[in-house]
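I have placed the structure first, in the form of C-alpha cells, so that the comments after it can refer back to it.
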Amino acid sequence: MSTTHHTKTLIIGSGPAGCTAAIYAARASLEPIMVRGLQPGGQLTITTDVENYPGFAETIQGPWLMEQMEAQAKHVGTVILDDIIVDADFSVRPFRMTGDSGDVYTSDSVIISTGASARWLGLPSEEKFMGLGVSACATCDGFFYRGKEVAVIGGGNTAVEEALYLTNHASKVTLIHRRNELRSEKILQTRLLNNDKVEVIWDTTLEEILGNEAAGGALPLGGSMTPPGVTGLRLKNVKTNEESTINVDGVFIAIGHDPNTGIFKGQLDMDDNGYIITKPGTPLTSIPGVFAAGDVQDHTYQQAVTAAGTGCMAALDAERFIADLEDQANAAE
C-alpha cells in the first residue's frame, strides 16, 4: 500500500550535494526528506581513495565519506528514504513526486541533486578493474599516477582536458581515439599535440583492460604478491582490425557524462546536453521553489566539494523561499 509523504523540502539524490543540502535544510527546521535514489551516495561510492576533499590530512575512502555525510544529515533531523523518484510534477504546488515504490512525495520546495553519470564503454574488464586502475575522473584520481604511464579513452573536450591534466602527474599519457581526428576545441588539440608527454593512437578502440585480478597463490621466492590492478590494454585498429597491447598503470574513460535529468525534461529549462540551467551563481531553476545542485547543473567542475557547495546554496535558498511563502500566508489571514 502506497504512502504519501509531505515535507517543506524534498531532496532528490544523496551524493555530496544532496547530503549537504539535507544538513542545512534540517538545521533550518525545514524537516527535509531525502530520497536516496538509484545510486545512494552518488559517484563517490565507486571512488576508492579520496585526497582532495578538504578537512582530511590522510587519504580517505569515497564510500566512507558518503556514509559520514549521510549519518550527519540523519543526525540533524533529515528523514532518509530508500526510493527512486520516477515521476515529477512541478505544475502545481505543493509539488508532487512519485517513487518507484508507489509512494507519493509532496513538498513546498524541491532540491534536485540527482547528479550525472559517467559514460562507460560497457566492457566486462572495465567493471572488473573499477577503482583498481579504471577511472572516469582525472582530477579525482590523477594524483595516484605520479611518475606512471596512463591512457585516456576518447576524443572530445573531456578526453583532451583529462589527458592534459594527467601530464601534471604521469610520466606518459596515451590518448586513444577511434577516429583519425579529435573532436575537441582546436586550442586544446594544439596544447595536447605539442605536449612531449602525450602520444596519440588514432583509429583505435579499446577491446579489453588487462591486469591482475587479485593477489593469490604462493609468494615468489624473495618477493611478494602482485597487487590487483591494471597493467595494460588490448587495442584494435578499426581500419586494419590489427590488435596490439600497450602497458599502462591506469586508464581513464573520458567519453562524457550524462546528467540524470530524464524525469524533469519538459518542465525545467535545460541545455542541449540535458543539464539543468540555473540562474548564474545560484541554484535557482526556471520554476520558483525548485532548486538544482551538484553535477546535475554543473558540466564544468564536477567535484565533490563544488557539489557540496551548491547543495548548501540550494538549502539556504529553499529556506528563504519557504519563509516567503509563510509570510504570504500569514499576510493573507
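Hydrogens, waters and symmetry mates play no part in the numbers below; they use all other heavy atoms, side chains included.
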Backbone N/O of Lys236 and side chain of Glu207: donor-acceptor pair under 3.5 Å: no
Donor-acceptor pair, distance only, cut-off 3.5 Å: does the side chain of Ser135 make one with the backbone of Phe252? no
In Å, rounded to the nearest 0.5 Å, how long is the span from CD1 of Ile253 to SG of Cys137? 13.0 Å
Ser109 and Thr9: side-chain donor and acceptor closer than 3.5 Å? yes
Under 6.0 Å from the CG atom of Asn247, do we count more than 12 heavy atoms belonging to anything else shown? no
Answer with yes or no whether the hydrophobic clustering places Met34 together with Met69; edges join I, L, V, M, F, W, Y residues whose side-chain heavy atoms lie under 4.5 Å apart. no
CZ (Arg234) with more than 12 external heavy atoms under 6.0 Å: yes
Under 6.0 Å from the CD atom of Glu51, do we count more than 12 heavy atoms belonging to anything else shown? yes
Within a strict 4.5 Å, meaning less than it, do heavy atoms of the Phe264 and Ile112 side chains meet? yes
Under 4.5 Å between any side-chain heavy atoms of His257 and His299, yes or no? no
As an exercise, state the distance from CD of Gln61 to CD of Glu67, rounded to the nearest 0.5 Å. 10.5 Å
Does Arg93 CZ have over 12 foreign heavy atoms under 6.0 Å away? yes
Considering all heavy atoms, the nearest Met97-Ile85 contact: CG-CG2, 3.6 Å
Examine distances only and state if a side-chain atom of Glu319 and a backbone atom of Leu30 form a donor-acceptor pair shorter than 3.5 Å. no
Using the side chain to side chain contact (heavy atoms under 4.5 Å, CB included) definition, which of the options Leu210, Val248, Asp249 pairs with Val230? Val248
From the list Ile11, Thr20, Leu10, side chain to side chain contact (heavy atoms under 4.5 Å, CB included) partner of Ile111 resolves to Ile11
Taking the side chain as everything from C-beta on, heavy atoms only, tell me whether Thr7 gets closer than 4.5 Å to Tyr105. no
Does Arg119 have more than 12 heavy atoms from other residues, nucleotides or ligands lying within 6.0 Å of its CZ? yes
Check ion pair Asp82-Arg36 (N to O, under 4.0 angstrom): yes
Measure the shortest side-chain to side-chain distance between Tyr165 and Thr139 over non-hydrogen atoms and say whether it is less than 4.5 angstrom. yes
Taking the side chain as everything from C-beta on, heavy atoms only, tell me whether Val200 gets closer than 4.5 Å to Val198. yes
Quick one: is the NZ or CZ of Arg146 closer than 6.0 Å to the six-membered ring centre of Phe144, and within 45° of its axis? no
How about Lys74: does its NZ atom have over 12 heavy atoms from other parts shown lying under 6.0 Å from it? no
Under a 3.5 Å threshold, yes or no: a donor from one side chain and an acceptor from the other, between Ser101 and Asp83? yes
With the threshold set at 4.0 Å, does a side-chain nitrogen-carboxylate oxygen contact exist between Glu149 and Lys172? no
Going by atom types only, do Asn260 and Ser117 share a side-chain donor-acceptor pair under 3.5 Å? yes
Atom CG of Asp196: over 12 foreign heavy atoms under 6.0 Å: no
Please check if the number of heavy atoms outside Tyr301 that lie under 6.0 Å from its OH is greater than 12. no
